[in-house]
Amino acid sequence: MGDYKPQEIEAKWQKRWEEHRVFETEAELGGTAEVEKSKPAPSKPEDAAPGEKKAQAPGAKTAPGAPGGKTKKPKYYVLEMLPYPSGTMHMGHMRNYTIGDVVARVKRMRGFNVLHPMGWDAFGLPAENAAIKNKTHPRTWTNNNIAEFQRTLRRFGFSYDWRREISTCEPEYYRWNQWFFLRMLERGIAYKKKSRVNWCPKCCTVLANEQVVNGGYCWRHEDTRVEAREIEQWFLKTTAYSEQLLEDLKQLEGGWPDRVIAMQRNWIGKSIGVKVWFEVASQESTAEGGQPKSEGKNLEDPGAKAAPGASKEKIEIFTTRIDTIYGASAIVLAPTHPLVGRLIAGTPGQAAAEKKLVEMKVSSVKTEDIATAEKDGFFTGRYAVNPFNGEKVPIWVGNFVLLEYGTGAIMAVPAHDERDFEFAVKFGLPVPVVVSKEKSFSAEGSEKEHRGHGEEKKTQAPGAKPAPGAPGGGNPSAQAEVPVPQRPFTEYGVSVNSGLYSGLKSEDAIERMASDAEAEGFGKKETIFRLRDWGISRQRYWGTPIPVIYCAKDGMVPVPDKDLPVLLPANPLLTGEGESPLATDPEFVNVKCPNCGGPARRESDTMDTFVDSSWYFYRYCDPRNDHAPFDPAKAAYWFPIDQYIGGITHAILHLLYSRFWCKVMRDLGLVAHSEPIARLFTQGMVQKGGVAMSKSRGNVVGAEEMADKYGADTGRLYTLFAAPPEKDLEWSEESIEGAWRFLNRVYRMVEKHWEKATAEEKREDNAESAEFAERKLQGPGAKAAPGAPTQKERELLRKAHQTLRRVTQDFEGRWHFNSAIAQIMELVNAIYAAEPLEDGVRPAVQKEVLELVTLMLAPMTPHLAEELWEMLGHKDGLWTVAWPAINEELAKEDEVEIPVQVNGKVRGRVTMPPGAAQDEVVKRATADAGVAGHLAGKTVRKVIFVQDKLLNIVVS
RNA sequence: GCCCGGGUGGCGGAAUGGCAGACGCUGAGGACUUAAAAUCCUCCGGGGAUUUUUCCUCAUGUGGGUUCGACUCCCACCCCGGGCACCA
């Protein structure tokens, strides 16, 4: 007799699991041993490499990957997101891995060949920064952290196949990043371009757009504003897959949380519209006084004719609402638009415009302001011609137009766009209405066929003075036939004041006008995406070197496959400032050209670490392959991932890049599928004091300290019980005490009965142990104890099997681990309530009930469950036992209590055998005094009867 | 502004059309103990009636609706959290 000592129990079973290689996958393909034969992960300074120590454990079962041992089990791939080994493991990690581990263990008990691997997202800035600070090597820092993190993971008994461990900073891994890069380079998916980039002065490196958060701050340093710089960068053409990335989201519906799909869709940002070219009117024409020409779609501008030598600039705009083009009262260019300089050259206001432009360019860098900034802009002094009606519209520059999106130029339609309306109000541009909500109005408006007079309908924005560029200003007789809108009307309606198109519904107008624009040669239907290409260049040391060489003679030359991997130099000079550390290392940089053998220079950028995590889950299928990233046959067996589990923080970046990578691999012929992850689960955060745990807030609870205090099983149980897994979890010391008490209560319960139960049972049946396990696999039919069961036995067995039914459901379907635990607690309470068990419950039944409790707890508190299983007299580990089958016969109720309602209020209860017919229930119910009282003197209108559930008598 | 979540006792939460508050925490009381801890047992949403057993009534953010019956479904609104945001 002793107490529950989690530390002892946990160490004992972890050792045994390892000896018996319990968590290793079975061979997915016939033939060779899969993982063992290959080399262990190299260059781990202290930690013994995985795969070594279990070579010949005494009493080990046949190696799962033994030759010819192809498994017949169905596969199941469950994966938690690759951790960055930042040192200590906190409760957020712990919760993530606990959920995954329960799933993995349940699936194993249900007869699946489970792949449940773990590895390290080992490249990245913190290692480099720590190395600079502590004057160590990033590899040393990283590997120390990995060792620490791994020790903690093992302490929690997570059921990983450690043979498959990978670390992305090892050349054996990152050489395949380089290999993929070269394949992408061959296909034009990887390319280099000069671009304005986000520069974090703290990281001293370039950030991806996605890494810029909160409107202009570094995602790592939320207090540091990102600056803009122009640098040559490597990009991966994610935009080549925009349409597929969007389209294939449909495949994920049902398997992924709706909000993640929504966020991805939002991020990709598809817009269907039209590009339209507006010709720029010559300056002479502008000087003429700007009387617009009204020859319909003949675009020849008189000014342009008058000066045939003048170049005809065209401004390309993009719009999703071409139906509003008759309401365009300006063209607005981004301040950084390349045409701006040429347009203002030679205009009277050139000097002022240039000054203004500089101001706007500076302020637009401060992205923080953009969201809240007031609309700003200026008139260039030039006009463009609306190709639909030949009308001249002023060309403006506006701070709200982004060069990066669309064409960097828009047509401003104030009457039908919020943003344009705001701009027009501020600068006094006209607000011509060209879409009406009502049909009758449109008929009226479309009567004037001479489009050239469209401007007569234009009205000044309320309270605004005519702007210099407002054509309405040149027409003093303009009068408001159409009321000045107070708000822009942005919905679809019916076109008005739109020439030939007046009277059309917006949908039809868009279609017709787009087609006409194409036919006339001044427009093109176009779909644009918000998604940008993925900038992967980083000017840092601790990442994958980009395998490219620059030769004075041959230009850019890819590193040949045979020369991979391009290794990181062993001893970099890390300062954290200035140029990339690789660029200043002559041994790394100076290289012979692979083509001509002449002197050349190596690329010194390294890759974004999101590259590492975009395909790592394929490597787990074949982690030691040294001639390919993985064997396609193995990936075909394991993929797609059946269940991926991680934080919502990766809803966009990591998952989008992973989806992109998969499609590239598909096009390379490596995989046949288009989506790598069939099901995604995003667990909630662990909070303390209502906020996420973080070092800066100082509210972190370490996994290690919790294991010290209560043991791993209590920690696991607590995180599962305290909240449903998708919701945030508020850390509570009191609640964890509750979990601890419960496990002690279970332990005491089993301890009290095991000795007697097993001893007596041996007399009855000394082959019980083996047979029990066998029976579990065969399904229902608890071994009938000789003689008729007692009432107490029936009740206990019923409760046990009912619990099993609910717990099975909670594990399989909804992942309501908290209510599964609540059910088991109820069962344990029922067993306590039935004490003394000796009184009326035979040992075999005692044992059956206790075994069910143990088996149901096994996925959640595996160490304790193993210990209890052993206490209950089993020689073979619990890991050999299948999930128990529900015995519906035993679970069935003898009688049910049916609430009886009168007019929907419970007025009594009757106890009936299950399946009792309505007549009988009504008969019994009306005999009930409480019910009868409410029926007296009333007429029964209706009787609602739900078998075994409820009776409702409606009276009046 | 747009798009997602969410709102139930002192607290975490359960119930997805059928007895609201399972299970746990906290709190109160009792048993055991010289005592404490641990353990075991009982009670614990508000209001009211009743000596007690018990009964009535209100209650799942607010207001409507559908239904014999609504935490659950529908409409409108309020509040909280998250994501996106001059996206043309």
Side-chain angles (χ1 to χ4, degrees), chain A residues 3 213 215 257-263 265-267 269-271 273-275 317-322 324 332 334 370-376 398-402 404-413 417-420 422-423 528-531 648-649 651-652 684-685 690 717-718 721-724 726-739 741-742 744-745 748 806 814 816 818-829 832-833 835 897-909 930 933 941-946 948-956:
Chain A
D3 295 332
V213 296
D258 288 344
R259 64 171 171 154
V260 175
I261 292 175
M263 284 161 85
R265 183 167 287 136
N266 210 351
W267 190 262
K270 181 178 181 173
S271 297
V274 187
K275 279 184 178 168
I317 62 111
F318 177 81
T319 178
T320 54
R321 291 294 304 271
I322 193 169
T324 64
V332 188
I370 287 183
T372 50
E374 177 109 9
K375 296 269 178 302
D376 196 10
N399 64 344
F400 63 99
V401 179
L402 308 174
E404 300 80 18
Y405 189 78
T407 60
I410 63 157
M411 61 177 194
V413 185
D417 182 285
E418 296 274 359
R419 186 195 48 200
D420 297 345
E422 201 188 313
F423 189 67
I528 65 166
F529 293 89
R530 183 183 172 278
L531 184 70
I648 187 72
T649 40
I652 299 173
M685 286 184 306
L717 188 78
Y718 165 73
F721 183 60
E726 70 278 6
K727 285 184 71 172
D728 289 347
L729 185 161
E730 176 66 26
W731 180 259
S732 152
E733 196 69 25
E734 287 83 11
S735 293
I736 198 166
E737 288 278 355
R741 275 201 291 268
F742 171 69
N744 274 282
R745 195 167 150 89
R748 279 193 305 272
R806 298 252 339 236
R814 316 178 305 162
H816 283 198
N818 56 334
S819 70
I821 294 165
Q823 297 293 316
I824 299 169
M825 285 174 167
E826 276 194 59
L827 175 58
V828 170
N829 289 347
Y832 267 81
E835 291 287 5
E897 196 186 56
I898 301 173
V900 180
Q901 300 179 335
V902 178
N903 286 346
K905 294 214 162 123
V906 181
R907 300 298 182 183
R909 289 156 221 282
R941 294 280 171 204
K942 201 170 177 182
V943 176
I944 313 287
F945 178 69
V946 183
D948 298 343
K949 286 273 182 177
L950 171 126
L951 179 72
N952 186 11
I953 302 168
V954 185
V955 298
S956 62

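Chain letters run A, B, ... following the sequence lines, proteins first and then strands; every chain starts at 1.
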Which value, in whole Å, describes the distance between the C1' atoms of nucleotides B/U39 and B/C32?
9 Å
Go nucleotide by nucleotide along RNA chain B from the 5' end; which of A/Leu950 and A/Val260 gets its closest nucleotide reached first?
A/Val260
By nearest atom, which of the nucleotides B/G18, B/G24, B/C40 is closest to the A/Met825 side chain?
B/G24
Over how many whole Å does the gap from A/Glu734 atom CD to B/U26 atom P extend?
7 Å
Side chain of A/His816 (C-beta onward), nearest among B/A15, B/C41, B/G12
B/A15
In terms of base orientation, is B/G9 syn or anti, with the syn window spanning 90° either side of 0?
syn
Taking any heavy-atom pair under 4.0 Å as a contact, classify A/Asn829: base, sugar-phosphate, or nothing.
sugar-phosphate
When the C1' atoms of B/A70 and B/C3 are considered, how many whole Å apart are they?
28 Å
What distance, rounded to whole Å, do you find between the two C1' atoms, one in B/C87 and one in B/C71?
40 Å
Where A/Ala412 and A/Val332 come nearest, the two heavy atoms and their spacing
CB-CG2, 4.0 Å
Taking only the side-chain heavy atoms of A/Arg741 (C-beta and beyond), determine which of B/C68, B/C25, B/C84 contains the nearest atom.
B/C25
Closest to side chain of A/Glu826, choosing from B/G18, B/A22, B/G13:
B/A22
Of the listed nucleotides B/A15, B/G83, B/A88, the one nearest the side chain of A/Arg814:
B/A15
Output the single nucleotide from B/C68, B/A14, B/C87 whose closest atom is nearest the side chain of A/Val954.
B/C68
Taking C-beta and beyond as the side chain, do A/Thr649 and A/Met685 meet within less than 4.5 Å on heavy atoms?
no
Could you please name the option among B/C84, B/U57, B/G18 that lies closest to any side-chain atom of A/Arg530?
B/C84
When the C1' atoms of B/C77 and B/C58 are considered, how many whole Å apart are they?
24 Å
Both conditions, 6.0 Å and 45 degrees, for the charged tip of A/Arg745 above the ring of A/Tyr832: are they met here?
yes
Looking at B/A88, does its base get a donor-acceptor pair with the side chain of A/Arg419 below 3.5 Å?
yes
With rounding to the closest Å, how many angstrom separate the C1' atoms on B/U72 and B/G7?
14 Å
Which nucleotide in the list B/C86, B/A14, B/C40 gets nearest to the side chain of A/Lys375?
B/C86
Has A/Lys375 got its NZ or CZ under 6.0 Å from the middle of the six-membered ring of A/Phe423, at an angle within 45 degrees of the ring axis?
no
How far, in whole Å, is B/G45 from B/G10 if one measures between their P atoms?
10 Å
Select one nucleotide: of B/C68, B/C25, B/C19, the one nearest the side-chain heavy atoms of A/Pro899.
B/C19
Counting Watson-Crick and G-U wobble pairs whose two distances are both under 3.5 Å, find the runs of 3 or more in a row that involve RNA chain B.
B:1-7 with B:78-84, B:10-12 with B:23-25, B:27-31 with B:39-43, B:45-49 with B:54-58, B:61-65 with B:73-77
Nearest to the side chain of A/Arg745 - B/C84, B/C41, B/A22?
B/C41
For A/Ala409 and for A/Lys942, find the nucleotide of RNA chain B with the closest heavy atom, then tell me which residue's nucleotide is more 5'.
A/Lys942
